[in-house]
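Have a look at the structure below, then the notes.
Convention: sequence-line order gives letters A, B, ...; per-chain numbering from 1.
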Amino acid sequence: MAKTLYDKIWDAHIAHEADDGTCLLYIDRHMVHEVTSPQAFEGLRNSGRKVRAPEKVLAVADHNVPTSPMIGGVAAIKNNESRIQVQALEKNVKEFGIEYFDTNDIRRGVVHIIGPEQGFTLPGMTIVCGDSHTATHGAFGALAHGIGTSEVEHVLATQTLIQSKSKNMRVTINGSLPNGVTAKDITMAIIGKTGTAGGTGYVLEYAGQAIRELSMEGRMTVCNMAIEGGARAGLIAPDETTFAYLKGKPRAPKGEMWDQAVENWKTLFTDDDAKFDLEIEMDATELIPNATWGTSPQDVLPIDGTVPFPTDFEDEGRQQATQRALDYMGLEAGMKLTDIKIDRVFVGSCTNGRIEDLRAAAAILKGRKVADTVDAMVVPGSGLVKMLAEEEGLDIIFKDAGFDWREPGCSMCLAMNDDQLKPGERCASTSNRNFEGRQGFKGRTHLVSPAMAAAAAIKGHLTDVRDI
Amino acid sequence: MDKFETVEGVAAPMPLINIDTDMIIPKQFLKTIKRSGLGVHAFAEMRYHEDGTENPDFILNQAGYRNTKIIVAGDNFGCGSSREHAPWAIGDLGIKVIISTSFADIFYGNCFKNGILPIKLPQDKIDLLMDDARRGANATMTVDLVNQEIKGPDGGVIKFEIDAFKKHCLLEGLDDIGLTMEKEKSIDNFEQKMAEATPWI
């Protein structure tokens, strides 16, 4: 029977199927960070259980870590609770024998950036992490999704998850992207079309020419935001671009094993006559750079658009949510997006903290200055991204333009460390969520691509990057 | 985990759509290394003013709704992050049942691990229950998981669907990990098979 890519990976990972159809899905890789794991390790300890396969687990502290240089190490983290949480992780990985990239390791960084960088993420795998943006790893044709802390404990103890199968959804992006339009614009445009619950219950495969033409960095950006559209996992079939990215990565297979792996990976695609429960097509050539105006990722519009009126929506719930978003964001319905002035710019996160993202922002910033009214920061996604960017001289471009060049971490994507918006501050951000309070209490977030963030930094207001 | 028992009482109406996990438990409260004690921070940014005093507009701050065990919510409740702190906070507040047209997948799964029953119903049923919830003490409802039904204040009964395995675990208060470990042999066999088929993993 014809299968989708999701069907193939799912079928290959069923360790046990009960009579009622409940499955034990085998998990190949598990990534662990400091925020969603302490209670899981505590649970193991309380019940006297071990980690079943510590070699399949990789841990890093990313959510809480400062983005100032970590002089003095973890002990010098000023915030008590943050420090305790990172120290708890360090204690747990030692006790349970799990590999950990510490806060001075060049390989440290945002969990979803370091997995692919290390070749820890490979096609055809099942990958989980106590973080919803685990969807990122789907860019490699791996079935990857976020889990709660109880499930973190379950995977640590059993290397499996109790799962029932999701439905199949495919979004096909036909044609090639026009200049100035990026992976971020694709993934936000899809959410604008389907809504934040449009993918609920589905695993979403991205296909079509525009997706095939994306780099691995771009594909990761697309899959990263699958969860913002409600889909627990995003998937892109692996191809030569994927293999070229992975070849030579520290944890990728080598020699004959590499050839054997690639042969296997070439079978990871959706069969021609496979059935999807939901199919959506979009035309890449019609896309232009976009930005969010409200407090949900579905509140996205092309940059030449205007802030909507609540009455633009038929649904009563959406009308109320729109009014609430307008009030929270301090915006007038009907105003142009490009008239929205900003105070802060954040370039970074698991969505857009990779080298290509930094290059895209730097290309716009080169020889230009951040507006006087704007405070801008760039947070590389990992130590390796930072190092490469510095080798390429991107740090100089950012600093000359007036950006603050920081150490890696999740930073102001979720503002668990000191990088936060003040109440009322408005930020053009390359992150993934514009929820109320996401970047700081009463902070206001506009999600954009790295190039659009750079353009906004220069102009002091949301801007069409193609006009720079 | 405690066994899930029939819940009876007032339901709190929260008609806002897309109530996300940052609204349910803002990130400043994710720094705990415990599961307990988060109830006081649940819905913090809607529930309290900046000075820490209660916002009387928030439903759970209003007389009659303070001790509610049931929430009737707008569409796509629990969207956003995977943080289990969301059901921990809601559970710590004493909430046992959340009823909505839809839930985000991860949040939905997390509820069952914490003795909370999320119920999905069509919009017309939610509209009825939302009206009942707005009537407060005049309209208590009963959520009966064994029979998969909600009895409304006016004698109406609404049936709901739920996965049989999840229902069983909730009613018995079962530990998932213990259940899975009984299938250890299957996991061992699977690992051996995969070691041959995909040795690079």
What residue, out of [options], has the most heavy-atom pairs lying under 4.5 Å from chain B?
| options | answer |
| --- | --- |
| Ala415(A), Ser132(A), Ser296(A) | Ser132(A) |
| Ser82(A), Gly195(A), Ser164(A) | Ser82(A) |
| Lys254(A), Glu153(A), Gln320(A), Arg251(A) | Glu153(A) |
| Ala157(A), Gly148(A), Ala231(A) | Gly148(A) |
| Glu81(A), Glu436(A), Lys442(A), Arg433(A) | Arg433(A) |
| Asp131(A), Asn80(A), Thr36(A), Ile84(A) | Asp131(A) |

Taking the side chain as C-beta and beyond, is there a heavy-atom pair between [X] and [Y] under 4.5 Å?
| X | Y | result |
| --- | --- | --- |
| Ile187(B) | His16(A) | no |
| Pro199(B) | Gln260(A) | yes |
| Val152(A) | Glu84(B) | no |

Quick check on [X] against chain B: is it the side chain, the backbone, both or neither that has a heavy atom closer than 4.5 Å?
| X | value |
| --- | --- |
| Gln439(A) | backbone |
| Ala261(A) | both |
| Thr22(A) | side chain |

Less than 4.0 angstrom from a charged side-chain N to a carboxylate O is my criterion; do Lys167(B) and Asp20(A) meet it?
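Salt bridge absent between Lys167(B) and Asp20(A).
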Chain A interface, residue from [options] that has the most non-hydrogen pairs under 4.5 Å:
| options | value |
| --- | --- |
| Gln28(B), Met181(B), Met46(B) | Met181(B) |
| Gly178(B), Gly74(B), Gly80(B), Pro87(B) | Gly80(B) |
| Glu184(B), Lys193(B), Lys34(B), Met23(B) | Lys34(B) |
| Asp20(B), Ile17(B), Asn189(B) | Asp20(B) |
| Leu179(B), Asn114(B), Ile106(B), Asn110(B) | Ile106(B) |

Any idea which heavy atoms bring Ala15(A) and Ser186(B) closest together, and the distance?
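So the minimum-distance heavy-atom pair works out to O-CB, 3.4 Å.
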Proximity breakdown for Phe103(B) and chain A, heavy-atom pairs closer than 4.5 Å
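When you check distances to chain A, only backbone atoms of Phe103(B) fall under 4.5 Å.
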Can you tell me which portion of Leu16(B) sits under 4.5 Å from chain A's heavy atoms? Options are side chain, backbone, both or neither.
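Only the side chain of Leu16(B) comes within 4.5 Å of chain A.
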Where the side chain of [X] meets the backbone of [Y], is there a donor-acceptor pair that is under 3.5 Å apart?
| X | Y | answer |
| --- | --- | --- |
| Arg35(B) | Gln39(A) | yes |
| Gln85(A) | Leu30(B) | yes |
| Lys183(B) | Ala18(A) | no |
| Asp105(B) | Thr200(A) | no |

Assess whether side chain to side chain contact (heavy atoms under 4.5 Å, CB included) is satisfied between Glu42(A) and Ile33(B), documenting all intermediate values.
CA-CA 9 Å; Glu42(A) 187 63 22; Ile33(B) 56 171; over 6 Å; no
Tell me whether the count of non-hydrogen atoms from other residues, nucleotides or ligands lying under 6.0 Å of [atom1] in [X] goes above 12.
| X | atom1 | value |
| --- | --- | --- |
| Lys50(A) | NZ | no |
| Lys96(B) | NZ | no |
| Glu5(B) | CD | no |
| Asp51(B) | CG | yes |
| Asp2(B) | CG | no |
| Lys159(B) | NZ | yes |
| Glu172(B) | CD | yes |
| Asp188(B) | CG | yes |

So, taking the atom named [atom1] in [X] and the one named [atom2] in [Y], what distance separates them when rounded to the nearest 0.5 Å?
| X | Y | atom1 | atom2 | result |
| --- | --- | --- | --- | --- |
| Thr158(A) | Glu182(B) | OG1 | CD | 12.5 Å |
| Lys27(B) | Asn417(A) | NZ | CG | 11.0 Å |
| Lys113(B) | Ile147(A) | NZ | CD1 | 9.5 Å |
| Asp315(A) | Gln123(B) | CG | CD | 7.5 Å |
| His63(A) | Ser81(B) | NE2 | OG | 7.5 Å |
| Glu45(B) | Phe435(A) | CD | CZ | 13.0 Å |

After noting the C-alpha distance and the side-chain angles of Asn18(B) and Gln298(A), does the key distance pass the side chain to side chain contact (heavy atoms under 4.5 Å, CB included) rule?
CA-CA 10 Å; Asn18(B) 297 330; Gln298(A) 72 188 8; 3.4 Å; yes
State whether a side-chain donor-acceptor pair under 3.5 Å links Thr196(A) with Asn76(B).
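A pair is found: one side chain offers a donor N or O, the other an acceptor, under 3.5 Å apart.
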If the plane angle is over 60° it's perpendicular, under 30° parallel, otherwise tilted; pick one for His13(A) and Phe190(B).
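Correct class here is tilted.
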Pair Ser150(A), Asp176(B) - check side-chain hydrogen bond (donor to acceptor under 3.5 Å, both in side chains), show working.
CA-CA 9 Å; Ser150(A) 294; Asp176(B) 279 354; over 6 Å; no
